[in-house]
Amino acid sequence: MSPPGRTPLDLQPVVPASARRARVPRWLRRTTGPLLLLALWQLLSGTGVLAADVLASPGRIARVGWDLIGDGSLPSAMGTSLQRVALGLLFGTVTGTGLALLAGLFRIGEDLVDAPVQMLRTVPFVGLIPLFIIWFGIGEAPKTAIITLGVTFPLYLNVYAGIRGVDAQLIEAGESLGLSRWGLVRHVVLPGALPGALTGLRYSLGIAWLALVFAEQVNADAGIGFLMVQARDFLRTDVIVVCLIVYAFLGLLADFIVRSLERLLLQWRPTFTGR
């Protein structure tokens with residue numbers, strides 16, 4: 001028997017168990033871990049477990065960071081480092097994507113390009129710093145070359161894998177619809193390779209910031225790495241941590257930009273986003 005006032009045809013929506021639980025705002029969950037870590041750090045520093053000459057307290061680091069911003073040294077260093085990363089990322093993106101398109105779209109390109117690239121990518125780019133200094137001197141050129149090299153190979157691998165990972169049935173369907181070779185590349189191959197290319201870009205951005213840390217140790221007279229070298233000479237752990245935090249936030253910002261591009265450019269591809 002149906003309850004009074006309800007007919008047998010009344011349908012009740014099915015609510016997943018995960019949706020019936022009290023939901024904590026996601027921004028709060030994402031910030032809980034860093035805040036707890038920060039509180040533990042402050043506690044250890046306040047009780048003397050962490051000595052100031054080993055690792056400065058969060059309060060001390062915040063004051064030093066504010067002072068560096070106030071005297072203009074930190075904004076100037078950030079501008080110099082961002083310029084180096086932008087140039088290296090530009091050259092590396094053009095090089096890596098161009099080589100991947102050549103190797104991925106043409107068999108003769110694969111025969112000529114893929115083997116040398118696979119050999120070169122196994123060479124640690126940090127180990128090439130002395131060679132770059134001999135070739136390019138100690139100016140900006142070796143720094144840009146190090147970042148370019150670090151960016152090129154991850155982007156090449158992901159774009160190449162994205163192109164070769166396109167479903168062959170989609171190619172056949174495009175050919176049956178009368179698409180030309182360029183039409184297949186434009187409407188089938190490149191959209192299919194775009195997820196891999198964006199993944200490669202995210203990975204390359206992380207490598208770019210890592211390469212920047214090494215590049216700015218090469219006789220730099222400006223940049224975040226230069227501030228770190230000066231701080232190391234004077235045993236200023238607070239300044240070193242400030243620079244590391246800046247590196248981390250710049251990398252996080254770059255990753256956020258690429259993830260936003262993914263959501264914008266890959267709206268046609270529904271994916272699982274977790275529960």
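Index from 1, following the sequence.
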Query - Heavy-atom check, side chain of L101 versus side chain of F106, under 4.5 Å - result: no
Query raised in the report: Do I61 and I245 touch side chain to side chain, with heavy atoms closer than 4.5 Å?
Result: yes
Query raised in the report: Hey, what do you get for CG (N158) to OG1 (T97), rounding to the nearest 0.5 Å?
Result: 10.5 Å
Requested in this report: Search all heavy atoms of A231 against all heavy atoms of I240 and return the closest pair with its distance.
Outcome: CB-CG1, 3.6 Å
Query raised in the report: Just wondering, do L105 and I163 contact through their side chains at under 4.5 Å, heavy atoms?
Result: yes
Query raised in the report: Does L87 belong to the same Ile/Leu/Val/Met/Phe/Trp/Tyr cluster as F226, with side-chain heavy atoms less than 4.5 Å apart forming each link?
Result: no
Query raised in the report: Do V117 and Y203 sit in the same hydrophobic cluster, where Ile, Leu, Val, Met, Phe, Trp and Tyr count as joined when their side-chain heavy atoms come under 4.5 Å apart?
Result: yes
Query raised in the report: How far apart are the C-alpha atoms of R63 and D238, what are their side-chain angles, what is the distance that settles it, and do they pass the side-chain contact (heavy atoms from CB on, under 4.5 Å) test?
Result: CA-CA 9 Å; R63 289 192 298 272; D238 47 6; over 6 Å; no
Report task. Show the numbers, then the answer: is there a side-chain contact (heavy atoms from CB on, under 4.5 Å) between L250 and M78? Result -> CA-CA 9 Å; L250 289 177; M78 289 175 58; 4.1 Å; yes
Query raised in the report: Are F214 and W135 connected in the hydrophobic side-chain network, where two residues link if heavy atoms are under 4.5 Å apart?
Result: yes
Report task. Measure the spacing between CG of L40 and CG of L36 and express it to the nearest 0.5 Å. Result -> 9.0 Å
Requested in this report: Assess whether side-chain hydrogen bond (donor to acceptor under 3.5 Å, both in side chains) is satisfied between Y156 and D114, documenting all intermediate values.
Outcome: CA-CA 9 Å; Y156 169 85; D114 189 62; 2.7 Å; yes
Report summary line: Between the OG1 atom in T122 and the CG atom in L120, the distance rounded to the nearest 0.5 Å is 7.5 Å
Report task. Flag yes if more than 12 heavy atoms outside Q42 fall under 6.0 Å of its CD atom; otherwise flag no. Result -> yes
Query - Inter-residue atom distance R164.CZ - E110.CD, 0.5 Å rounding - result: 4.0 Å
Query raised in the report: What is the minimum heavy-atom distance between A77 and L227, and which atoms define it?
Result: CB-CD1, 3.7 Å
Report task. Give a yes or no on whether V258 and F256 share a hydrophobic cluster (residues Ile, Leu, Val, Met, Phe, Trp, Tyr; joining criterion: side-chain heavy atoms under 4.5 Å apart). Result -> no
Query - Any donor-acceptor pair under 3.5 Å from S81 side chain to I224 backbone - result: yes
Requested in this report: Side-chain contact test, heavy atoms from C-beta onward, threshold under 4.5 Å: evaluate it for L212 versus I147 and give yes or no.
Outcome: yes
Query raised in the report: Given side chains that start at C-beta, do those of V239 and Q230 come closer than 4.5 Å, heavy atoms only?
Result: no
Requested in this report: Can you establish whether the number of heavy atoms outside L264 located under 6.0 Å from its atom CG is more than 12?
Outcome: yes
Requested in this report: Without swapping roles, check the side chain of S76 against the backbone of G72 for a donor-acceptor pair under 3.5 Å.
Outcome: no
Report summary line: Taking every heavy atom of M228 against every heavy atom of C243, the minimum-distance pair comes out as CG-CB, 3.2 Å
Query raised in the report: How long is the gap from CZ on F91 to OG1 on T152, to the nearest 0.5 Å?
Result: 11.0 Å
Query raised in the report: Less than 4.5 Å apart, any side-chain heavy atom of I207 and any of V151?
Result: no
Query raised in the report: From Y160 OH over to L155 CG, what is the distance, rounded to the nearest 0.5 angstrom?
Result: 15.0 Å
Report task. Determine whether F136 and V85 fall in the same hydrophobic cluster, where Ile, Leu, Val, Met, Phe, Trp and Tyr are linked whenever their side-chain heavy atoms lie under 4.5 Å apart. Result -> yes
